[in-house]
2 protein chains.
Amino acid sequence: MNNHKELYKLHADFCKFMSNPKRIEILFLLGEKEMCVDEIASAMEVKVPNISQHLAVMREKGVVDVRREGTKMYYTIANPKTLQACIIMRDAMVEQMEKQFEMIREIKK
Amino acid sequence: MNNHKELYKLHADFCKFMSNPKRIEILFLLGEKEMCVDEIASAMEVKVPNISQHLAVMREKGVVDVRREGTKMYYTIANPKTLQACIIMRDAMVEQMEKQFEMIREIKK
DNA sequence: AAATAATATGCGTGTTTACGCAGATATGGA
DNA sequence: TCCATATCTGCGTAAACACGCATATTATTT
């Protein structure tokens, strides 16, 4: 069974949405509540077309769901696990930074 | 407080290691046991220098730790949370794929 | 049917990433 | 010291990405 490689490819492709700080910020914003494009854009102080492009990436990968209401498009997180994993990943990063900080302090003393 | 942006940047940068299928495969391999470069390379059927480069990326971000034993470098996962988050992210992806598969079946019936 | 508001899309450009290959290091042993 | 083994680094190229801006699409209102 060597479709392992294929699964890793899908997995990496899905995770690509996290390789951009704006998309992570969008994920955390949507974690609080459903939002439309210009709400997100003004909350982040970023131009609307740019946010729309990032949302398109997240839509394609199935990270977010969309719902139309009149002219507005409301976005939500498709699966809460995505945010959960993202938070755990951030915790791991913070712990790692603290560990490295400790090591530097040990060397300096 | 607008160092939020800076945190999102660090977060995204840390998560970049997941945007490549080979690095995800490396993470899962190291999840089983400590391994040296050529063990990883032959397990994955990838050239050693390429694996070394991917490990360098993971080292820089603090995703993996290294230990030298003679001429060999043994790699381990620095923080189990990293693998945990990665697994949850994969679960989210699989659930999402199943959801989309269901939707297509509904439309076709 | 126009005009307007909200999003989405296409394109050009500068930046980053992946990876093969050649050459450089570092360690242990003859 | 010289050689072999294991790993790392530098460089060139091709592909992917981010983002600004202009334009297109979609739905509401008049």
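Numbers restart at 1 for each chain; the letters A, B, ... are given by sequence-line order, proteins then strands.
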Can you give one letter per nucleotide of nucleotides 7-13 of chain C, going 5' to 3': B for a protein heavy atom under 4.0 Å from the base, S for sugar-phosphate only, - for none? SBBBB--
Whole Å only: how far is the CD1 atom of B/I26 from the P atom of C/dA18? 11 Å
Could you see if B/L10 belongs to whatever hydrophobic cluster contains A/I88? Use Ile, Leu, Val, Met, Phe, Trp, Tyr and a side-chain cutoff under 4.5 Å. no
With heavy atoms of chain A within less than 4.0 Å as the criterion, where does contact along DNA chain D begin and end? D/dC17 to D/dT28
Single-linkage hydrophobic cluster B/L83~B/L30, side-chain heavy atoms < 4.5 angstrom: yes
Name the residue from B/L55, B/I51, B/I26, B/L29 that meets the side chain to side chain contact (heavy atoms under 4.5 Å, CB included) definition with B/Y75. B/L55
Closer than 4.0 angstrom, basic N to acidic O: yes or no for A/R105 and A/E102? yes
Does atom NZ of A/K81 have more than 12 heavy-atom neighbours, drawn from other residues, nucleotides or ligands, at distances under 6.0 Å? yes
In terms of hydrophobic clusters joined by side-chain contacts under 4.5 Å, are B/F28 and B/V57 together? no
NZ of B/K47 versus P of C/dC21: gap in Å, rounded? 6 Å
In this structure, would A/L7 and A/V63 fall into the same cluster of hydrophobic residues linked by side-chain contacts under 4.5 Å? yes
Step through the shown structure and confirm whether more than 12 heavy atoms of other residues, nucleotides or ligands are within 6.0 Å of NZ on A/K47. no
